[in-house]
Amino acid sequence: MENSNEEHKSLNFIEQIIEEDLAGGFSANQLKFRFPPEPNGYLHIGHAKAFCLNFGLGEKYNAPVNLRFDDTNPSKEEQEFVDNIKYDLAWMGFKWAEECYSSDYFQQLYDWAVLMIKKGKAYVDSQSSEDMAKQKGTPTTTGTNSPFRDRMVEENLDLFNRMKQGKFKEGEHVLRAKIDMAHTNMLMRDPIMYRVMHKHHHRTGNDWCVYPMYDWTHGESDYIEQISHSLCSLEFKAHRELYDWFLDQVYDKKQIRPKQREFSRLNLNYTVMSKRKLMQLVEENMVNGWDDPRMPTISGLRRRGYTPAAIRDFIDKAGVSKRDQMIDVALLESCIRTDLNKSTYRMMAVLHPLKLVITNYLEGKTELVSAENNPEDESAGHREIIFSKEIFIEKDDFLEECPNKIFKLGIGKEVRLKNGYIIKGEEAIKDANGNVVEVRCTYDEKSKSGSGTEESKRKVQGTLHWVSASHNITAQVNVYNRLFTVEAPDSDKEVDFKTLINKDSLSVLKDCKMELALKDAKPSERYQFQRIGYFCVDKDSTTECLIFNRTVTLKEGW
RNA sequence: UGCCCGAUGGUGUAACUGGCAACACGUCUGUUUUUGGUACAGAAGAGUCUAGGUUCGAGCCCUAGUCGGGCAACCA
């Protein structure tokens, strides 16, 4: 059918590059992408931009996307991180074509390096890193050649071989590409390709005593896997020149030549995104682990109650470009509200209970009231809730002298109890300090919700959620707020970001009263607590003590 | 001081390759509502960093400047 109103979704600049390549004759079935995390930390919302982009492109063009662990530095990398990264990606709903490891290519990389030595394109340098740093020059001054730069091929071959055999100590020798010590791009000044490391590798064990550097490894790995478009963040822009140079050393024109392109990384306000800083928060116990619901990690967001759909929607709305982006966390929150609004059951839970006694309600009487499970979804049906003479309402929903325009219960003021009756405040019982500890009220017997009576249709200012005082469960609620007090905790290098942590980022409420229907709630289930927000059952929850994490508040009015 | 990127409402992203600056989030109004939620209707808010130039016409092209970011790990 002709669709003249078809929404023309504009392409981001990466998609435009791909479209241009396609228009220029590149075959669509040669398109191939990759997501290349280093297994030295947990995935966070910033990585989500990269993996949603790559896997999203794979879905859009029906092209394979490899998951490649960039594991060239055994001193920082661990199997634990590999496992968690895979778990997160699978949870997000992404399917990789192949699970690859840069370490799978160590032999090929080594062989190529030997070839480069033979062609006079690489040499073994035997200086200290300090000396090499001095010779590197600065962005404005050229570097100087290493005294070992013109070693004989045979000597280079011999040394490199013995480096591999483990005959040297760490730091004694490195293999360098022979490019140009006067290059304006510092990365081109004879970059290091291999260093000696006597470390156990999570996959290759103790097979290797030399490990390749990122620049030498990444592009060649892309080439080996025949990746068509190698997408990375902006800080690698300057590396592109080296990426291409290394590729030139091994490139065969019959093969696909990978193309590196760079986009800006995603920042979220009121949090930090660097792996190093997140690691610090974990190690110094400022949070309870990588999956603490306050962390911007995928595992933290998951535990907080975020859904894959909401995260993907967020990344989609954030877009892809080449300028620094600091995205308002309100956008993330809007995405999860939109998703949860249509899917979650509405429940009644009182976080700060205040006892309310209906003086004219029969002692010992109970009745069932009907509640809609989800007004956004007719098929979700209804459930019944026990109503009784004594109930709990939210402390904050009672204001002794309450003006009519405020939607709360007051003395002499009427409100509706959700799904129940209209009540009128009569008396506030206080303790010695003047705190209200109980409220007495009367109810209008004819005002029962859904009864159809004139009285039930009365308009009152305010509808309160409630829980029967003798028919409820007590549960714990973790109320989470932003982890930092300022929008950009890491913007000022003079200020330690840890001093900017929000002291109220977590409050644990242990005496919350919830309706009986929540009794069998299971970990990771999500609910809306009416008038409060969205909550997710925590994984540490037990049948004896349910724990709910607040995902996000409802959009706050007034 | 060198090189490389970038600059569009508060935030983010568009503007079909030069033709009245749009969308989302946020903000504010109103309507509906047994959630101060949702839904719906509407409003405010940028004249596209600055100055020149090319052009009938520039957010898009050119030049210079300004501002922001990146680049000198045996990290990735």
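Naming: A, B, ... by sequence-line order, numbering from 1 per chain.
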Base orientation of B/G59, syn vs anti, 90° cut from 0: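 Glycosidic conformation of B/G59: anti.
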Can you tell me the base-pairing partner of [N]? Count Watson-Crick or G-U wobble geometry only, both distances below 3.5 Å, and say none if there is no partner.
N     : result
B/C61 : B/G53
B/C3  : B/G70
B/A43 : B/U27
B/U17 : none

What integer number of Å spans the [atom1] atoms of [N] and [M]?
N     : M     : atom1 : value
B/G52 : B/A14 : C1'   : 28 Å
B/A15 : B/U48 : C1'   : 11 Å
B/G6  : B/C49 : C1'   : 12 Å
B/G26 : B/C20 : C1'   : 27 Å
B/C28 : B/G10 : C1'   : 14 Å
B/G2  : B/G65 : P     : 10 Å
B/G42 : B/A22 : P     : 15 Å
B/A64 : B/C3  : P     : 12 Å

Which parts of nucleotides 20-29 of chain B does protein reach within less than 4.0 Å, heavy atoms only, written one letter per nucleotide 5' to 3' as B for base, S for sugar-phosphate only and - for none? ----SS-S--
When you check every protein heavy atom under 4.0 Å of nucleotides 69-76 of chain B, what one-letter string (B, S, -) results, 5' to 3'? S--B-BBB
Comparing A/Lys408 and A/Phe13 on RNA chain B - which has the more 5′ nearest nucleotide: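 Result of the comparison: A/Phe13.
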Taking the nucleotide of RNA chain B with the closest heavy atom to each, which residue, A/Phe529 or A/Lys49, is nearer the 5' end?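 It is A/Lys49, whose closest nucleotide lies nearer the 5' terminus.
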Can a donor-acceptor pair under 3.5 Å be found between the side-chain atoms of A/Arg323 and the base atoms of B/U8?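 Looking at the base of B/U8, it does pair with a donor or acceptor on the side chain of A/Arg323 (distance under 3.5 Å).
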Answer yes when [X] and [Y] have at least one side-chain N-carboxylate O distance shorter than 4.0 Å, and no when they do not.
X        : Y        : result
A/Asp377 : A/Lys342 : no
A/Glu372 : A/Arg383 : no
A/Asp125 : A/Arg151 : no

I want to check something: taking the side chain as every heavy atom from C-beta on, are A/Thr297 and A/Ile45 in contact at a cut-off of under 4.5 Å?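 No, too far: nothing below the 4.5 Å cut-off.
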Heavy atoms, side chains only, cut-off 4.5 Å: are A/His465 and A/Asp397 in contact?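 The answer is yes, as the side chains (C-beta and beyond) meet within the 4.5 Å cut-off.
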Less than 6.0 Å separating the ring centroids of A/Phe535 and A/Phe529?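 Yes, close enough.
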Looking at B/U13, I'd like to know if its phosphate oxygens (OP1 or OP2) sit under 4.0 Å from a side-chain N or O belonging to A/Gln325.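 Answer yes for this pair, as a side-chain N or O of A/Gln325 is under 4.0 Å from OP1 or OP2.
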